[in-house]
Amino acid sequence: LPAENYAIQKGIHPRTSTLANIAAMKEQFRAWGVLYDWTKEVTTCEPAYYHWNQWFFLKLLEKGLAVRRKSAVNWCPSCETVLANEQAEGGVCERCKTPVVQRELEQWFLKITDYAESLLAGLDSLGKWPDKVVTMQRNWIGKSTGADLDFAIPALGESVRVFTTRPDTVFGATALILAPEHALVPRLIANHPKKDEIAAWVTSVRNQERLEREAENAEKDGRDTGVKAVNPFTGREIPVWIANFVIADYGTGALMAVPAHDTRDFEFAKKYSIPIVRVIEERSKNTEHLLRKEDGEDLAPRTGGASGSGEAEERDHSKKSSSGGTDAPAAAYTGEGFLVASGPFSEKSSSSARELISAEAASRGIGGPRIRYRLRDWLISRQRYWGTPIPMIRCEKDGWVPVPEKDLPVVLPPDAPFTGKGGNPLEKVASFVNTTCPECGGPARRETDTMDTFMDSSWYYLRYLDPANDRAPFDVSRAAEWAPVDQYIGGIEHAILHLLYARFFARVMKDLGLVTFEEPFSALFNQGMITRQSPTGRVEKMSKSRGNAVSLDPLIAEKGADAVRAFVLFLGPPEKDAEWSDEGISGPERFLGRVRTAVERFVASGADPRREPAAADTPAARVRHMAVKKVTQDFDAFSFHTAVAHLMEFGTHAAGLVGDPKAEPGETAATLRSLVALLHPIAPHLSEELNEKLGGTKSLLVSGWPAFDPKLAVEEIASVAVQVSGKVRGEIKVRRGSTEKEAVAAAAAESVVARWLEGKQIVKTIWVQDRLLNLVVK
RNA sequence: GCGAAAGUGGCGGAAUUGGUAGACGCGCAAGGCUCAGGACCUUGUAGCCCUUACCGGCUGUGGGGGUUCGAGUCCCCCCUUUCGCACCA
């Protein structure tokens with residue numbers, strides 16, 4: 001989709017622009033010194049790749065995981081296509097930020113919801129993922145435990161099923177509210193005197209932008225159908241309403257309104273004078289009410305009982321309370337508590353009542369316990385040209401027929417008259433559309449919708465293992481050997497798009513016997529964004545779509561790839577956003593220059609660069625081991641900016657050795673060799689060159705990472721802070737491993753410390769080995 | 001509103017997870033080298049105070065309390081910023 005939009009904007013065929021972008025990107029990779037095995041290159045827009053998208057689609061179809069279904073879907077008016085729920089987050093199109101509207105359309109869905117529980121449970125195993133992403137996925141899947149309950153509508157001879165997480169509040173359900181999209185709406189309003197007005201309102205709500213309809217401050221708006229439903233537990237009639245805040249595709253698109261115990265229902269009930277019946281009490285705060293109840297004054301309506309028995313309990317709080325002195329509550333009580341006015345369930349706790357009421361609903365055949373998820377099925381149809389054709393054929397006689405596997409790939413015609421406006425260009429390509437039915441051989445039409453691009457990225461990581469395979473998406477044994485991915489890196493924007501789809505796909509592939517894992521990415525790292533101050537002073541993310549990206553090409557041309565790499569790594573922690581400015585580049589640039597100078601001076605002096613240190617345990621050797629240790633640990637921890645800092649320190653030390661006539665040449669040589677090797681990931685070009693100058697015969701890529709001896713990677717002399725009553729008063733140098741006694745003696749010999757100890761008595765001594773001595777005095 | 005993360009010099013950022021706050025770099029200042037320098041090298045650089053100088057002292061990690069011999073780090077309250085979620089019944 002982005003490729004197509006770009007192509008439309010520039011009037012270039014997406015294939016041309018995509019291939020040009022790939023070429024440009026490859027050139028940038030080369031200029032940066034990025035290492036990549038180009039024999040493993042994958043191009044998802046080529047038939048050789050999307051063939052297998054189509055193959056996966058057919059497999060999903062066989063398993064009943066790909067279905068064509070009519071439902072309310074998100075439509076982006078600007079991109080002129082439907083979008084998956086994940087791509088319309090917050091009510092706007094993920095690509096162009098245009099507010100989306102709901103449309104009732106028949107589309108292809110992948111049943112990701114079948115794996116909702118597995119996707120949720122699997123999150124617990126993702127210890128090496130950022131908590132944030134795990135939480136976002138958990139919230140997106142949105143598991144809710146509750147019950148389904150059926151509310152009869154005698155006038156229609158129908159019943160409406162609702163889902164609730166609070167079946168314990170059912171006795172307080174004083175209205176049934178349906179989404180405007182609910183299937184029963186037309187019949188409910190058919191006999192209403194203002195039928196046309198209501199129908200027009202329903203239509204207007206349905207056509208409203210999601211952003212507007214779901215806005216935080218959007219007013220609740222509804223219409224009374226005039227039809228009555230029956231609360232299955234109180235047996236009382238309750239009104240049936242239609243309201244804008246009821247979401248069509250969550251639960252059943254209908255809910256029981258319990259105004260006393262739900263803030264949204266409360267707000268709605270207040271506005272439309274719907275009765276508010278309190279059925280949950282926090283016992284500790286309202287014992288009086290309970291006592292009245294316990295006196296035997298059973299005010300609760302009986303289950304399935306005749307009308308009238310609950311009259312006294314019902315209070316219409318929209319009017320001034322006339323008797324009993326009970327004022328209208330100011331807000332809903334949404335907490336847990338104990339049931340009141342709930343027939344046989346009165347006195348029960350919320351939690352036990354939930355189970356009992358759910359169980360009774362099940363036994364009466366009107367619902368029962370139910371778990372629901374916020375997650376919706378993945379809508380993959382796109383009314384766009386530049387994508388993988390969905391391999392389906394529509395036959396008048398046989399309906400939807402899959403393209404036989406042997407006929408794959410269904411190739412996207414190169415010559416569609418795409419404009420981005422006025423429908424899918426594929427519909428205009430007769431040679432593509434017109435085909436024959438694989439079942440009956442009669443004339444038929446191809447599906448012209450293409451697949452969501454996230455289909456490509458759901459399994460691409462496995463294609464890298466076997467990019468040329470023309471018999472299968474990838475070789476199963478190679479996948480078994482190499483996958484899952486050890487370390488995945490990507491931006492947070494993928495948290496609930498790509499990463500959720502890929503997790504779903506891994507489960508599908510496991511069920512297909514292609515892989516043995518369920519979680520495709522063992523560890524995940526979210527890098528921060530590079531931001532930039534816009535001319536208006538706002539800090540915004542640098543991106544292609546904003547057109548505010550800074551090209552590093554000129555900087556690389558001027559300073560060299562190594563300096564730019566070192567500088568970018570030195571900007572700060574990689575998981576954090578960083579504001580772009582090329583001001584600080586001189587630091588890393590100078591550093592690399594100093595390393596070069598040090599090596600060149602050493603070689604020019606005629607010293608043997610391959611020489612080994614004369615002694616293993618010297619102060620200089622310890623510095624070297626410490627540097628190797630620190631830099632190695634920094635890399636392991638993705639702390640590249642401190643790796644650069646530690647290399648700078650080590651570089652200064654190395655330059656000092658080169659300039660020091662008393663330095664031992666073997667140690668100096670070893671120091672330079674270590675420095676150059678450690679520098680390789682940051683400055684590969686320079687370090688390879690200096691490695692050669694230092695007599696290296698193999699690339700640093702194959703000659704191995706420097707090792708350190710943990711015993712030598714510590715200073716021999718420890719500087720110990722000396723505190724007197726918790727305040728630092730001096731520092732002593734002691735041999736590593738010194739005893740407390742030795743340290744106290746050394747500290748007392750320090751004049752400043754001695755002054756603070758004068759006339760005092762040491763009441764307590766705290767000794768942290770090799771680090772700190774605290775003398776508490778009185 | 002709910003949830004999460006963060007707040008450290010002029011700036012980017014360190015701090016072995018309770019143990020010398022400010023590593024490393026930018027910037028700035030002084031000096032050296034130089035015909036010159038936006039090149040390079042050296043030194044200094046949290047604030048305040050005492051001192052000719054040295055030695056030193058006090059304060060300091062968003063604000064306020066607390067725990068501790070000791071707090072940037074742990075606990076409680078508050079403020080600010082950023083990011084998620086936000087009618088999901």
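Below, chain A is the first sequence line, B the second, and so on; all start at residue 1.
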Contact class for [X] (heavy atom, under 4.0 Å): base, sugar-phosphate, or nothing?
X: A:Q723; answer: base
X: A:N139; answer: nothing
X: A:S719; answer: base
X: A:R594; answer: sugar-phosphate

Looking at the base of B:C87, is there any donor atom on it, or on the side chain of A:K220, that sits under 3.5 Å from an acceptor on the other one?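 Per atom types, the contact qualifies.
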
Tabulated below should be each protein N or O lying under 3.5 Å from an N or O of nucleotides 26-30 of chain B; please produce it.
| from | atom 1 | to | atom 2 | distance (Å) |
| --- | --- | --- | --- | --- |
| B:C26 | OP1 | A:R590 | NE | 3.3 |
| B:C26 | OP1 | A:R590 | NH2 | 2.4 |

Could you check, using the six-membered ring where one of them is a Trp, whether A:F268 and A:F266 have ring centers closer than 6.0 angstrom?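 No, too far apart.
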
Quick check: A:W580 with A:F567 (ring centres under 6.0 Å apart)?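 Yes, close enough.
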
In terms of the angle between their ring planes, are A:Y272 and A:W241 parallel, tilted or perpendicular, with boundaries placed at 30° and 60°? tilted

Assign the ring pair A:F525 / A:F638 to parallel, tilted or perpendicular, where the plane angle (0 to 90°) is split at 30° and 60°. tilted

Considering only atom [atom1], compute the distance from [N] to [M] and round it to an integer number of Å.
N: B:C50; M: B:G32; atom1: P; value: 31 Å
N: B:G9; M: B:G1; atom1: C1'; value: 37 Å
N: B:U68; M: B:G57; atom1: C1'; value: 25 Å
N: B:G19; M: B:A29; atom1: C1'; value: 34 Å
N: B:U17; M: B:G31; atom1: P; value: 44 Å
N: B:A14; M: B:U20; atom1: C1'; value: 15 Å

What's the closest nucleotide to the side chain of [X] if the choices are [options]?
X: A:E214; options: B:C24, B:G19, B:C87; answer: B:C87
X: A:T165; options: B:A89, B:G25, B:G19; answer: B:A89
X: A:T642; options: B:G12, B:A89, B:A14; answer: B:A14
X: A:K576; options: B:C24, B:A89, B:G13; answer: B:G13

Between the side chains of [Y] and [X], is the shortest nitrogen-to-carboxylate-oxygen separation below 4.0 Å, so that they form an ion pair?
X: A:D124; Y: A:R138; result: yes
X: A:D168; Y: A:R354; result: yes
X: A:R376; Y: A:D249; result: yes

Nucleotides 46-61 of chain B: protein proximity per nucleotide (B base, S sugar-phosphate only, - neither; heavy atom, under 4.0 Å): ---------SSSSS--

So what's B:G18 paired with, Watson-Crick or G-U wobble, going by both distances under 3.5 Å? none

Given that both distances must come in under 3.5 Å, which nucleotide forms a Watson-Crick or G-U wobble pair with B:A29?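 By the stated definition (distances under 3.5 Å), B:U43 pairs with B:A29.
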
Restricting to non-hydrogen atoms, name the atom on A:L678 and the atom on A:P681 that form the minimum distance, rounded to 0.1 Å.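 Minimum heavy-atom separation between A:L678 and A:P681: O-CD, 3.3 Å.
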
Tell me: CZ of A:F245 to C1' of B:C87, nearest whole Å? 8 Å

Closer than 4.0 Å, any side-chain N/O of A:H641 to the OP1 or OP2 of B:C24? no

So, is A:K132 near the phosphate of B:G84, with a side-chain N or O under 4.0 Å from OP1 or OP2?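 The answer is no; no side-chain N or O of A:K132 sits under 4.0 Å from OP1 or OP2.
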
Going by the glycosidic torsion and a 90 degree boundary from 0, is the base of B:G63 oriented syn or anti?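 Glycosidic conformation of B:G63: anti.
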
Assuming nearest nucleotide by heavy-atom distance, tell me which of A:W140 and A:T164 is located more 5' along RNA chain B.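 Upstream on the strand: A:W140.
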
Where each residue is assigned the nucleotide of RNA chain B containing its nearest heavy atom, which of A:D577 and A:I247 is assigned the position nearer the 5′ end?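 So the residue in question is A:D577.
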
